[in-house]
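In what follows, a structure is listed as structure tokens, so that the remarks can point back to it.
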Amino acid sequence: MATTWVTIPPDFTAILLSWSPFWPIIGIAVAWPVSDRIGRKDVFYITMAMYGVGAIGITLSYSFYLILIFIAILLFASGGELNTIMALSQEIMPRQHRSSTMLLELNFIPLGGLVLAGVAFSTAYGSIFFQRIMIAGTTVIVLIVLLASRRYLPESFLWLATMGHEKQA
């Protein structure tokens, strides 16, 4: 939606095509070792903050270049969560529930896309101001859900033990 708010320089059409797959890959590459160093749960809080910054930035952006930067932040965060979620679920779930947990995780990806498509479709013929408000409102709702769910999420006991926190694990 945000790319319809501004004029896209003709030379950047190819960049738009590669932007969406590029930043999640970078997020995966960066978050994987970071989650091994600082913990899975802390990475989730960092990516959640990045979602907030990216969405608020897009909502307030009036330049194509700023929109690109904030989309990159959102995509980086989503990639950063991908491996972290899979690693954590493999580490904390009992063996008999791991495969169904992985399927559930993979099914939440299209659910997020469906929510975004719903917001985009419901605002397609609205004003840019209305679209910005909808992005901001969706962001607030998503961040509340993420904060509520992550608050009770345990840290990986395997990570805790590896880091020398056997008692806490």
Side-chain angles (χ1 to χ4, degrees), residues 1-89 102-151 153:
M1 285 185 329
T3 57
T4 64
W5 303 343
V6 295
T7 303
I8 300 172
D11 296 341
F12 282 85
T13 305
I15 287 180
L16 281 177
L17 294 173
S18 62
W19 208 249
S20 291
F22 179 73
W23 287 104
I25 292 168
I26 300 301
I28 289 168
V30 171
W32 188 350
V34 170
S35 72
D36 285 345
R37 179 164 304 269
I38 69 170
R40 316 301 186 222
K41 194 168 180 175
D42 286 342
V43 168
F44 285 141
Y45 284 118
I46 291 168
T47 54
M48 186 173 59
M50 290 176 75
Y51 285 144
V53 168
I56 290 167
I58 287 171
T59 302
L60 300 175
S61 289
Y62 287 91
S63 139
F64 173 73
Y65 303 105
L66 285 174
I67 290 171
L68 272 183
I69 289 168
F70 290 116
I71 287 174
I73 291 169
L74 283 169
L75 293 170
F76 180 95
S78 67
E81 288 202 341
L82 188 60
N83 276 357
T84 308
I85 288 169
M86 289 191 284
L88 181 64
S89 66
M102 292 300 289
L103 287 173
L104 185 62
E105 290 167 10
L106 292 175
N107 285 329
F108 270 95
I109 295 169
L111 178 63
L114 183 64
V115 169
L116 292 175
V119 170
F121 183 70
S122 68
T123 64
Y125 299 106
S127 68
I128 291 174
F129 178 75
F130 180 64
Q131 291 175 349
R132 290 176 189 271
I133 293 297
M134 287 297 290
I135 289 173
T138 303
T139 300
V140 169
I141 292 167
V142 168
L143 289 176
I144 289 170
V145 169
L146 288 176
L147 186 60
S149 63
R150 291 174 180 186
R151 185 172 165 207
L153 185 69

Looking only at heavy atoms, which two atoms of Q131 and A124 are closest? And how far apart? NE2-O, 3.9 Å
State whether the number of non-hydrogen atoms from other residues, nucleotides or ligands found under 6.0 Å of R150 atom CZ is greater than 12. yes
Nearest 0.5 Å, please: how far is OG in S20 from CD1 in I15? 12.5 Å
Under 3.5 Å, sequence neighbours excluded: what are the donor-acceptor pairs made by side chains of residues 54-64?
| residue | atom | partner | partner atom | Å |
| --- | --- | --- | --- | --- |
| T59 | OG1 | A55 | O | 2.7 |
| S61 | OG | G57 | O | 2.5 |
| S63 | OG | Y65 | N | 3.2 |
| S63 | OG | L66 | N | 3.4 |

Go through the steps to decide whether W23 and I73 satisfy the test side chain to side chain contact (heavy atoms under 4.5 Å, CB included), and finish with yes or no. CA-CA 8 Å; W23 287 104; I73 291 169; over 6 Å; no
Taking F130's backbone N and O only, do any of them form a donor-acceptor pair with S127's side chain (distance below 3.5 Å, no angle check)? yes
Can you list everything that forms a side chain to side chain contact (heavy atoms under 4.5 Å, CB included) with D36? Sequence neighbours excluded, please. W32, R40
Which heavy atom of Y51 sits nearest a heavy atom of S78, and at what distance? OH-CA, 3.3 Å
Heavy-atom pair of closest approach, residues T84 and G80: OG1-O, 2.8 Å
Which distance, rounded to the nearest 0.5 Å, do you find between the CZ of F44 and the CG of L147? 14.0 Å
Using 0.5 Å steps for rounding, measure from the CE atom of M86 to the CE atom of M102. 5.0 Å
Separation between CZ of F22 and CZ of F76, rounded to the nearest 0.5 Å: 10.5 Å
Could you measure the distance from the CG atom of L75 to the CH2 atom of W19? Nearest 0.5 Å is fine. 9.0 Å
Closest heavy-atom contact between L143 and G52? CD1-CA, 3.8 Å
Looking at OG1 of T47 and CD of E81, how far apart are the two atoms once the value is rounded to the nearest 0.5 Å? 3.5 Å
Holding to side chain to side chain contact (heavy atoms under 4.5 Å, CB included), I want the full list of residues that pass it with T138, two or more places apart in sequence or in another chain. V115, V119, V142
